[in-house]
Amino acid sequence: MKHKLLKFISNSRLAHAFIDAPSPRWMVFMADVLVVLLSSIITFSFNSHPTGMESGWIYSASAKTLIVTAVYAILCVAFKTNQYIVRLSVIEDVYRIVMLIGSSSMLLIVSSLVMSGIIGYTYFSVWNMFIIAVFSFSLMVMTRLLIKYLYTSITAIDKKRTRVIMLGSSINSFVLASALKIEVEGRFKPVALLSLDSKRHENSLNGIPVENYSEADITEIFAKYRCDTLIFLASQIELMRSGLADTFLNNNIHLLMMNQIEEFDTNDDNQPRLSTHVQNIRIEDLLGREPIKTEKSSIKDIITNQVVMITGAAGSIGSEIVNQVAALGASEIVLVDQAETPMHDLQLQMEAAFPKANIHLFIGDVANSVRMELAFRAFRPRYVFHAAAYKHVPMMERNPCEAVLTNVFGTKNIADLSVKYNVEKFVMVSTDKAVNPTNVMGASKRIAEIYVQSLFYHLRKNIDGRSTQFITTRFGNVLGSNGSVIPLFRRQIEEGGPLTVTHKDIIRYFMTIPEACSLVLEAGCMGNGGEIYIFDMGQPVKIYDLARRMIKLAGLRPDVDIQIIETGLRPGEKLYEELLNDRETTIATRHKKIMIAKVRIYEYSDVLHHLKVLRQCVDDGSRLKLVEEMKHIVPEFKSNNSIFEQIDKRLKDQDENAACNLHEACIP
């Protein structure tokens with residue numbers, strides 16, 4: 001019966017007005033004043049008996065009632081007891097009521113004692129003030145509790161709310177669960193807390209049931225509360241990464257994360273909005289690890305008030321470098337890229353985020369030496385971060401001339417101009433695919449590494465004084481970057497599948513975009529020239545397992561709701577990536593997770609000779625000759641699943657024939 005009555009009330013217009021907006025402050029003020037007025041009338045009607053000189057109007061019960069009410073009203077404004085949203089009232093509100101009543105009673109009693117010394121009459125007795133205080137406090141609190149109860153009961157009938165369990169039984173989890181439960185137009189209805197503390201034995205926490213976590217009982221716990229969703233706090237992400245998330249996902253529990261709340265959002269009516277901070281957990285959140293912390297103060301000392309050029313500025317890595325450089329206070333930032341629309345989008349983003357930053361947009365191809373020289377001549381950068389490159393392996397396998405033109409000769413252009421215009425540091429973004437490359441893209445990046453490193457040592461040997469410092473950083477796959485596997489899987493899930501995996505056993509290293517860019521800046525600060533920096537990227541991720549996880553995160557079942565199919569390795573693709581080849585070792589740096597790769601140093605004159613041959617191959621459009629020359633420069637370049645495997649076979653046969661001929665020539 002009570003439920004039907006509340007449901008009827010909840011459908012009324014009055015209820016909707018009650019739910020949609022908090023009561024006006026003047027209404028709360030008037031309600032409190034009426035409470036005091038009623039308490040005073042009752043008290044003085046039964047406890048005030050004027051006689052003699054006390055029988056005048058000023059000594060009447062009506063006068064005393066008005067005076068008490070006026071004092072309470074004035075102090076009610078002073079203590080702002082009407083400033084709180086009644087239905088969300090908490091201890092702070094009760095505290096203000098106590099302060100209001102205590103202060104009003106004391107003021108009236110003290111005033112009465114002072115008056116008694118003047119007129120010989122105690123105007124307000126302590127007993128009367130005590131009765132008024134008790135009545136007022138009781139009625140004010142009861143009014144607020146009644147409103148809170150009605151609001152909670154009405155909103156609890158809302159069937160649209162998602163039933164959720166909150167992870168943890170700490171004060172933070174409890175407070176947020178309570179707030180979500182009574183939130184205006186809330187999306188969630190917390191029905192229990194899931195405690196990770198095995199020593200906790202409470203059955204409930206202030207009315208919210210508490211269940212102890214047990215991997216074996218997860219399904220039963222969620223079934224008990226007719227719930228399939230768990231909300232956890234951002235501060236608990238490390239627990240989820242350690243394997244706890246997989247426990248829930250394997251039991252078909254949908255995961256939501258409450259982000260860190262830096263500023264409490266409100267709508268136009270000043271109503272708290274917590275639900276906006278509850279988001280679907282992303283695969284990036286689970287793949288991430290404790291970020292590598294860089295020495296921001298040292299980086300800031302270098303970048304602040306300097307002219308910085310970023311090539312490939314509109315790409316995933318380049319745009320994040322732009323943001324970080326702007327935040328570090330560079331005096332001018334030169335953005336170089338040939339992609340018009342992404343550059344326009346980046347301009348709008350920078351104008352919104354850094355309105356005072358001095359940004360220059362320069363559209364141009366890094367392979368165009370004439371165009372690039374115009375940029376260097378106009379802006380005279382002190383630091384250059386070179387992120388421009390073609391990166392998609394299958395695409396570059398089909399277009400090796402363009403890969404070499406941009407990745408090799410584009411890098412050569414920017415490096416040569418950096419020397420010509422006295423750039424202090426040139427930092428190049430490379431890739432783990434440059435190690436033991438199996439594709440044209442990786443080999444082109446390795447040749448770019450070879451060129452800038454040989455150029456540095458050539459300058460150091462042949463030029464007196466300080467020259468440009470050339471530094472290289474090698475990355476793994478960047479989470480969420482344009483064209484990476486995660487956006488692809490996300491799109492395939494939205495389309496209903498299937499998810500395409502090239503091979504069940506393929507693995508990759510992953511890192512976040514901000515982390516990658518912090519490493520670039522740290523390298524620029526730390527490096528003295530000639531180094532190739534790598535860093536500890538943690539454990540590699542199996543792409544097939546990644547696909548299954550993403551399906552589960554979407555609330556679906558792998559191989560039931562969405563299929564995963566193998567498509568076969570793409571041209572140039574290999575099962576695993578490396579950061580060092582077999583002949584390389586590492587040198588420790590002051591940062592425990594950043595290392596320097598010890599690599600073979602090439603003679604600059606030899607490199608120039610090979611690049612001359614490469615350029616001729618590019619101009620001739622001869623793909624096979626081009627790739628063969630790349631293999632001469634990078635002997636460890638062995639094509640995989642590619643038409644260029646025929647070159648490896650031919651070169652191997654030539655080596656075997658040469659060895660055989662040498663053996664025959666040695667026979668007496």
Side-chain angles (χ1 to χ4, degrees), residues 218-219 228-230 232 237 240-257 279-289 315-317 390-398 431-433 438-439 441-442 475-513 516 537-578 640-642:
I218 286 296
T219 303
D228 64 357
T229 304
L230 177 85
F232 66 93
I237 189 64
M240 304 304 283
R241 288 174 184 164
S242 66
L244 190 60
D246 289 327
T247 300
F248 293 111
L249 292 175
N250 291 336
N251 285 280
N252 299 317
I253 305 301
H254 185 48
L255 297 178
L256 297 174
M257 182 170 71
Q279 305 292 339
N280 287 321
I281 184 173
R282 306 173 306 159
I283 190 65
E284 293 94 322
D285 297 320
L286 295 182
L287 288 180
R289 50 188 157 66
S316 304
I317 294 292
Y390 284 128
K391 66 177 184 178
H392 293 291
V393 169
M395 185 68 70
M396 292 305 100
E397 206 68 13
R398 297 184 181 95
T431 171
D432 54 4
K433 293 177 177 62
T438 60
N439 51 68
M441 192 283 286
F475 298 147
N477 296 273
V478 179
L479 290 173
S481 64
N482 297 330
S484 68
V485 68
I486 289 177
L488 172 63
F489 284 168
R490 195 169 281 139
R491 185 171 66 251
Q492 290 176 335
I493 290 171
E494 290 171 356
E495 294 171 352
L499 268 64
T500 54
V501 177
T502 58
H503 195 285
K504 266 194 172 184
D505 296 325
I506 197 167
I507 61 173
R508 290 292 181 265
Y509 289 98
F510 284 98
M511 62 187 303
T512 65
I513 293 176
M537 298 181 66
Q539 295 299 315
V541 177
K542 201 170 184 178
I543 301 301
Y544 183 78
D545 293 341
L546 174 68
R548 294 183 64 85
R549 261 180 151 184
M550 289 189 67
I551 293 171
K552 292 176 182 178
L553 283 175
L556 303 169
R557 294 166 297 173
D559 304 321
V560 178
D561 300 314
I562 290 186
Q563 299 296 317
I564 302 175
I565 61 174
E566 286 187 84
T567 59
L569 290 174
R570 298 174 298 175
E573 191 172 38
K574 57 183 176 180
L575 288 178
Y576 60 94
E577 305 291 359
E578 308 150 274
N640 185 35
N641 193 34
S642 168

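- With sequence neighbours excluded, the residues satisfying side-chain contact (heavy atoms from CB on, under 4.5 Å) with Met395 are His392, Asn399.
- Under the side-chain contact (heavy atoms from CB on, under 4.5 Å) criterion, Met396 pairs with Tyr390, Ala403, Met441, sequence neighbours left out.
- In terms of modelled atom types and a separation under 3.5 Å, the side chain of Gln492 and the main chain of Thr500 share a donor-acceptor contact.
- Contact check for Leu546 versus Arg508: no side-chain heavy atoms found under the 4.5 Å cut-off.
- Taking every heavy atom of both residues into account, Val501 and Ala547 meet most closely at CG2-CB, 4.2 Å.
- Scored by the side chain to side chain donor-acceptor pair (under 3.5 Å) test, Thr502 finds Glu573 as partners (sequence neighbours excluded).
- With rounding to the nearest 0.5 Å, the separation of CG in Leu499 from CD1 in Ile543 is 11.5 Å.
- When the side chain to side chain donor-acceptor pair (under 3.5 Å) test is applied to Thr219, the partners found at least two apart in sequence or on another chain are Asn251.
- For the atom pair His503 NE2 and Arg570 CZ, the distance stands at 13.5 Å (nearest 0.5 Å).
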(request) Report the C-alpha distance between Ile551 and Ile493 in whole Å, list the side-chain angles of each, state the deciding distance to 0.1 Å, and finish with yes or no for side-chain contact (heavy atoms from CB on, under 4.5 Å). (result) CA-CA 7 Å; Ile551 293 171; Ile493 290 171; 4.3 Å; yes
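- In this structure the side chain of Glu566 never reaches within 4.5 angstrom of the side chain of Tyr544, judged on heavy atoms.
- Residues satisfying the side chain to side chain donor-acceptor pair (under 3.5 Å) test with Asp246, not counting sequence neighbours, are Arg549.
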Output a table of donor-acceptor pairs, distance under 3.5 Å, between side-chain atoms of residues 552-564 and any protein atom two or more places apart or on a different chain; print 'none' if there are none.
{"from": "Lys552", "atom 1": "NZ", "to": "Asn250", "atom 2": "OD1", "distance (Å)": "2.4"}
{"from": "Arg557", "atom 1": "NE", "to": "Asp561", "atom 2": "OD2", "distance (Å)": "3.1"}
{"from": "Arg557", "atom 1": "NH2", "to": "Asp561", "atom 2": "OD1", "distance (Å)": "3.2"}
{"from": "Asp559", "atom 1": "OD2", "to": "Arg548", "atom 2": "NH1", "distance (Å)": "2.9"}
{"from": "Asp561", "atom 1": "OD2", "to": "Arg557", "atom 2": "N", "distance (Å)": "2.7"}
{"from": "Gln563", "atom 1": "NE2", "to": "Asp559", "atom 2": "O", "distance (Å)": "2.9"}

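- Using a 4.5 Å heavy-atom threshold, the side chains of Thr431 and Lys391 count as separate.
- In this structure Thr438 satisfies the side chain to side chain donor-acceptor pair (under 3.5 Å) test with no other residue, sequence neighbours excluded.
- Distance check: Thr229 OG1 to Ile253 CD1 gives 8.0 Å after rounding to the nearest 0.5 Å.
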